[in-house]
Each structure stands twice: as structure tokens, then as C-alpha cells.
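Sequence lines set the chain letters: A, B, ... in the order given, protein chains first and strands last, and positions in each chain run from 1.
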Amino acid sequence: MRRSRAFIPTSKEAPSDATLASHIYLARAGFISQVAAGLYNYMPLAKRVIRKIENVINEEMSKVGAQEVELSFVTPADLWAESGRIEKFGKELLRFKDRKENLFVLGPTHEEMMVDLVRNRVTSYKNLPLNLYQMKTKFRDEARPRFGLMRGREFIMKDGYSFHASVEDLDREFESMEQAYKTILTRLGLEYRVVEADSGAIGGSGSKELMVIADSGEDTIAICSSCEYGANIEAAKRSFNPNPPKAPEAEFNKFLTPDVKSIEDLAEFLKIDAYYTIKCVAKRVVYEEESEIVLFFLRGCDNLQEVKAINATDALEIVDVSEEELKEIGIIPGFIGPLDQDKAKHVIDCELKNAPNMVCGANEKDYHYVGVDMKVLEDVAYFAEIAEVNEGDTCPHCEGTLSFTKGIEVGHIFKLGTTYSEALKAEYLDENGKAQPFVMGTYGMGVSRLVASVIEQHHDEQGCIWTKETAPYMVNIMISNIKNEAQVALGESLYAQLQEKNVEVMLDDRKERFGFKMKDAELIGFPYTIIIGKELENGAVQIYERKTQEKQAVNVDTIFEAIMELV
RNA sequence: CGGGGUGUAGCUCAGUAUGGUUAGAGUACCUGGUUUGGGACCAGGGGGCCGAAGGUUCGAGUCCUUUCACCCCGACCA
């Protein structure tokens, strides 16, 4: 492409609202332009990057036997009613009626559509397994889209779905897809981590997220210092503390603790470690039809993990509750304890099961119990994992310690089991001629989010630094002075030669000054720029590598071979 | 969905407290000239329903009411 003809509106100024590097540079370098909240136009450069990422995905998918399809973007609302997700998704589903008053939704994901496509067409175990996927625009009417391509309402996702006759076969496919996804991210030049994730409302027996490591990531992940373990903080586990602080020794006793309400005060007042205190987090737990106050008890040194709390209570959501609401039902904030607690339902963190030497509220103003042995509640209370892991906690799989880092969720793979096939009555006949629901897996990867992720990981103050597999053009040929005939002649000849070799090449033939064109090339982020300039008189040109910002002199006679070596 | 903020030239923003010539700057764009190794300079030029609708006033970018959009924090997010 000739730069003079290219539609690449670069700008010195970033959009006023852009905060992320990927948003700023993709906008400034003329890749994307915003249309409305969470909606972006992809301009030629972005389109090329997207296509390159899609090609990598396609190649890896075809290696593992997945087949590409494309389902319609507009989906009948009936299907969503059939699976029950029309309520679950709520306002995120963009709904509308056609001229015949039929209700449709723009597809936010395609489980229902894919099951509908396969049911009654694949009817025998002999035709399983089957793995179908598509690259498709998705639409989710998010409450708060943000961060450019990172969290748009409209975005491109690769979504794949597999169908199996057994859980074992699903496990095999899941493993194969995890490997394929890892290969894809490695090829794209991304540093990532595969982590265990919360399966959430979609259910299923397992899910893993592929996280691109970046400070700007919206997810917190816990990773082990010595083994491969990594997990989203929503799902992260830990081992019991192998070296707990020294336990306070006391006979079971009600103890006067005037005005001591917080865990810090309590630990200070009794001169004990917060590890031996029991904290209560009161929340309102919301179900489909009703809501109620639930008391969550955990160690004073821990915090409630809301996703775990939701899973433990089967709730739709959990919201804060005021002290007044607690007093109304006879609960005394600051002195809430699990013993003889009959005012509200409660959930106790599983680590407190059988824990001795604890201190907790006595459900009476200004009193705490000391010397509590939680064993007394062993058979009567509901224990569940509700505590959030802390940095420094012990890995659940080895002796290592956990630390936190931020990640961008670019992939999520699920073992769905039969959730959707049962809901949508999608069945096949097994060896005995008996109808069985498909065992399913689903595998998502955010294509447009990957575009942003590459830049989050690969940029500097000058702009984008594309990796080889993602670059919109591999080589930029810069003619420093367009009035110099020798420079133009060499530029044109190299341009033709590289095109001949199918190298993706840009020829900067604009009538601009050297500095302007360099800044532009750096902002866009071509991996290599061939600078044809003053040194041409002495038979030399330069190769500028974007990543290192180094210029290397090359003899004119060998420049073609030199650049072919690099690309 | 709660809290906050912003809408003026393609883009980034002044101007709005206290209403008053023809609404400004930088940048981008067009013309001409100079310049040609780090977003260069000089001269000239085009570009605006001041988010929208009502209202107050002799007069509204500026005051009042309504509304829409976008952004930020949080909640939410297979």
C-alpha cells in the first residue's frame, strides 16, 4: 500500500476520554474510531490486524479438527426463552421486533443457536465428537462499556462449541482446546497465564480463563510462586496456613469488651492476632423472587469473596446492608457471632470448621466470647468456602506462596456438560439406541480484545509495537526526501520486490519531512522501517526496528536480502 | 442502576461566576513560497444552528426548565 493513498488518519492528540494505552494509540494511529458508547469503527489498519489474528486462530483450530461456521447475528428470542437465558441476561440482550412483530435478540454468545443447529442433524454417537466455531460480531448491551476495544458493547469473538457422547471425551477435547489456545496466544506474542475460574451462572464442572498479563487488566489473578497454579481471585483456593500465629489461650468465657466493634480494635484490646477472631460480614442476598439478610462469618484476617458468597447461597446477587436494617431484626452490629445465632441465616467459612481458640461476638452489646471452639457448630452450621485468598497465602497444590497480578481475560473455556442440551432437548442415540443429551464444551476467545491486549503489552511512549503475527504491515519503506529521484527509485523498486514476495509492505511516498514520517511510523508501529535517506549517496540505507528503536546501516546491494531475512 | 463530570471548528480546548460588536486559540485541512534526518517556517484561505427543545430578556454560548449524548467511580459483566 502506498501511504499517500492509505486511509490512516493519524493524530497528535488522543481522544480526551481515553485512558488505556491501547485505546489512546489505536485511536491516535488511525486504527479505530468511536461511534457511540462501546461501538467502534475498524479502519483499514485495524481490519488487517483483526484478519491476522483470525488467521492464526483458524490455523490452530483446523489443526485440532474444529470446523468454522457462521451463524446469524440476529437470533430468535424463542431460543433464549427455551434455555431460560432471556431472563438471566436481562438488559444485556438487545431485543427488537421485525416487521411481523416477531421478537429477536442480537447474539451475545451462541450456545442456543449452535445447539439448535446441531440438534436433529447430528443424531448418532457415530458422528461425535463435533467441534464447531465461528468468528462473529457479538453484542452485549453492557451497563458500562469502557476502555476502547477492551470492553465494547459490540465486539468480535471466536466462539466454539463441542459435542460429545461422554464426559471423558469432553475432558479430552477441553485439554486439546486449552493447548490450542495457548499456542494461539504464544504465536500472537502475548505473555499469558491459564487460570482456574469461577464457572458462574452458566454452570458446568470446570472452567479456565486465559489471562494476558497486564497492569491495566480488570481481573485480579492469584498465581503460585513455584508451581503452575493460577486462579482468578473469584475462584482462588489456598491451603490451611501451615504456620499460624501463636494461639491465645483462654477458657470459654463471655468477656466484657466495651465499645470494641472492629476486628482491629478487638485484636488490639485482647492482644491477639486477628487470625483468631471471627468477623461477620452482613449482606442482603437477593434471589429471583425475594431477598434476605445473611451473615457471613470468616477469620478476622480474611475478606469475603462475593462471587464465592453468591455461589454458597445460590443467590442472584449480593448487596450491602445498613446497620439500621440489622438492628431491625435484632442483630447488634459490632458484636455479631455465630454462637446461638438465630436472628438470620448464616454461612461460615470452611476454614473455621473445628477451629479452636477463637474469639467472636457474643450477640450482646459490649461482649465477645473468648476461647471458642468451633467444633460445637460442626454438625449444625452451614460451612462453605467464602474467604478471599490473600497475597502470601499458601498455594493449594504445593508449598509455594500466592501473589496477585492483573490480567485481561482474552479466553474462557467451559465444560458445559448437558446444561444446554437438556434445556434445548438436543439428543443423540447411543450404542444401545438410547437417547442421550449431548455433553458439551464451549470455548471463547475475544478477537477484538486481543487487538487491544497486544498493544497493552507492546507499546512505548511513541506508540504501538506490533508483534510479527499481528502487524498490519511488516515493513514500511520510508523515502526521506520525495524530491530525491534516487531515493524514490530505490523505494519503488524495493516496494515492488517485496510485494512480489508477498511481504506486507507500506511505501511512505508522502511529501513530508523526515521527522514527521518517522513519528508516524513509530505511532503506527510497523515492526521494520527501511529508511532511504541521505546515506544513499554513499550506497547505504537503514533498517529501523520498532521494538528496539535501533537503526542499522545496510548496504544498498544487500538491503532486499537483509529485510527478507528479518520478516 | 447509584454518585460525579463534560457537551463550543475534524481533533484538543478557551470563552459561561457578572448576558451586550462579526464566537476564539492550537492543531488538522486548502493555496503559494521556503525547508528536507526527528511532527519545520512564512503568507493567505475555507471551516460553527456553541448537544437538542422550550423559556426569561431589547439582546442568550453565557440565566431558567426539560431532554439527549458521552466520560469517570462504583454495582453489574456467559
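Residue A:Glu325 qualifies as enclosed at atom CD: its count of foreign heavy atoms under 6.0 Å is above 12. Counting non-hydrogen atoms of neighbouring residues, nucleotides and ligands closer than 6.0 angstrom, the CG atom of A:Asn538 exceeds 12 such neighbours.
A:Pro9 comes within 4.0 angstrom of no nucleic acid atom, judged by non-hydrogen atoms across all strands. Nucleic acid contact class of A:Lys551 (heavy atoms, under 4.0 Å, all strands): base. If you check every strand for non-hydrogen atoms under 4.0 Å, A:Met478 touches nothing. Counting any heavy atom pair closer than 4.0 Å across all strands shown, A:Lys517 reaches no nucleic acid atom. If you check every strand for non-hydrogen atoms under 4.0 Å, A:Leu523 touches a base.
Of the two residues near RNA chain B, A:Arg153 and A:Ile531, the one whose nearest nucleotide lies more 5' is A:Ile531. The residue among A:Ser16 and A:Pro108 whose nearest nucleotide of RNA chain B is located toward the 5' end is A:Ser16.
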Tabulate atom names and distances for all N/O pairs under 3.5 angstrom spanning the protein and nucleotides 72-77 of chain B.
{"unit_1": "B:C72", "atom_1": "OP2", "unit_2": "A:Arg144", "atom_2": "NH1", "d": "3.4"}
{"unit_1": "B:C73", "atom_1": "OP2", "unit_2": "A:Arg144", "atom_2": "NH1", "d": "3.2"}
{"unit_1": "B:C73", "atom_1": "OP2", "unit_2": "A:Arg144", "atom_2": "NH2", "d": "2.5"}
{"unit_1": "B:C76", "atom_1": "N4", "unit_2": "A:Arg146", "atom_2": "NH2", "d": "3.1"}
{"unit_1": "B:C77", "atom_1": "O2", "unit_2": "A:Arg151", "atom_2": "NH1", "d": "2.1"}
{"unit_1": "B:C77", "atom_1": "O2", "unit_2": "A:Arg151", "atom_2": "NH2", "d": "2.7"}
{"unit_1": "B:C77", "atom_1": "N3", "unit_2": "A:Arg151", "atom_2": "NH2", "d": "3.2"}

Protein-nucleotides 24-28 of chain B N/O pairs under 3.5 Å:
none

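Listed candidates were B:U35, B:G39, B:C70. Nearest to the side chain of A:Lys511 is B:U35. With B:A40, B:G37, B:C71 as the choices, the nucleotide that has an atom nearest any side-chain atom of A:Gln34 turns out to be B:C71.
Put simply, CD on A:Glu535 is 15 Å from C1' on B:U36, counting in whole angstrom units. A:Glu512 places its CD atom 13 Å from the C1' atom of B:G38, with the value rounded to the nearest Å. A:Ile24 has its CD1 atom 12 Å from the P atom of B:U12, to the nearest Å. A:Lys483 has its NZ atom 10 Å from the C1' atom of B:G33, to the nearest Å. Atom C1' of nucleotide B:G37 and atom CD1 of A:Ile530 are separated by 17 Å, given to the nearest angstrom. Atom CD in A:Glu537 sits about 13 Å away from atom C1' in B:G37, given to the nearest Å. The distance from atom CE of A:Met518 to atom P of B:G39 is 11 Å, rounded to the nearest whole Å. Here the C1' atom of nucleotide B:U35 and the CD1 atom of A:Ile482 are 16 Å apart, to the nearest Å.
B:G47 and B:G5: their C1' atoms are spaced 29 Å apart (whole Å). One C1' atom belongs to B:U62, the other to B:A14, and the distance between them is 14 Å to the nearest Å. When the C1' atom is used for both B:G61 and B:A23, the distance is 8 Å, rounded to whole Å. B:A52 and B:A69 have their P atoms separated by 15 Å, with the value rounded to a whole Å. When the P atom is compared between B:G10 and B:G48, the two are found 8 Å apart, to the nearest whole Å. Of the C1' atoms belonging to B:A17 and B:U35, the separation is 48 Å, rounded to the nearest Å. Here the separation of B:U56 from B:G4, taken at their P atoms, is 30 Å to the nearest Å. Rounded to whole Å, the P atom of B:U12 lies 14 Å from the corresponding atom of B:C72.
OP1 or OP2 of B:U36 has not a single side-chain nitrogen or oxygen of A:Ser480 nearer than 4.0 Å. Regarding contacts with the backbone of B:G37, a side-chain N or O of A:Lys534 is found under 4.0 angstrom from either OP1 or OP2. Dashed line: the shortest gap from a side-chain N or O of A:Ser11 to OP1 or OP2 of B:U12 is not under 4.0 Å.
With respect to A:Asp509 and A:Arg3, no salt bridge is recorded, no charged nitrogen being found less than 4.0 Å from a carboxylate O. Between A:Arg2 and A:Glu492 there is a salt bridge, since a side-chain N of the basic residue sits under 4.0 Å from a carboxylate O of the acidic one. In summary, A:Asp159 and A:Lys138 engage in a salt bridge, as defined by a charged side-chain N under 4.0 Å from a carboxylate O. Using a 4.0 Å cut-off between charged side-chain N and carboxylate O, A:Lys517 and A:Asp520 make no salt bridge. Taking the charged nitrogens against the carboxylate oxygens, A:Lys406 and A:Asp215 have no contact shorter than 4.0 Å, which rules out a salt bridge. Using a 4.0 Å cut-off between charged side-chain N and carboxylate O, A:Lys483 and A:Glu512 make no salt bridge.
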Pair A:Glu173-A:Ser162, side chain to side chain donor-acceptor pair (under 3.5 Å): steps then yes or no: CA-CA 8 Å; A:Glu173 186 77 5; A:Ser162 68; 5.1 Å; no
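For B:A17, the O4'-C1' to base torsion is within 90° of 0; the nucleotide is therefore syn.
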Dot-bracket pairing map - RNA chain B, Watson-Crick plus G-U, both contacts under 3.5 Å, | cross-strand: (((((((..((((......[...)))).((((((.....)))))).....(((((..]....))))))))))))....
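Aromatic ring centres of A:Phe31 and A:Trp466 lie closer together than 6.0 Å.
Once rounded to the nearest 0.5 Å, the distance linking CD of A:Gln134 with NZ of A:Lys158 reads 10.0 Å. For the atom pair A:Leu26 CG and A:Ser448 OG, the distance stands at 11.0 Å (nearest 0.5 Å).
Within the 4.5 Å cutoff, side-chain heavy atoms of A:Phe438 are placed close to those of A:Val118.
For the 3.5 Å distance criterion, the side chains of A:Glu209 and A:Asn232 qualify, holding a donor opposite an acceptor.
Side-chain N/O atoms of A:Glu522 and base N/O atoms of B:G39 include no donor-acceptor pair closer than 3.5 Å.
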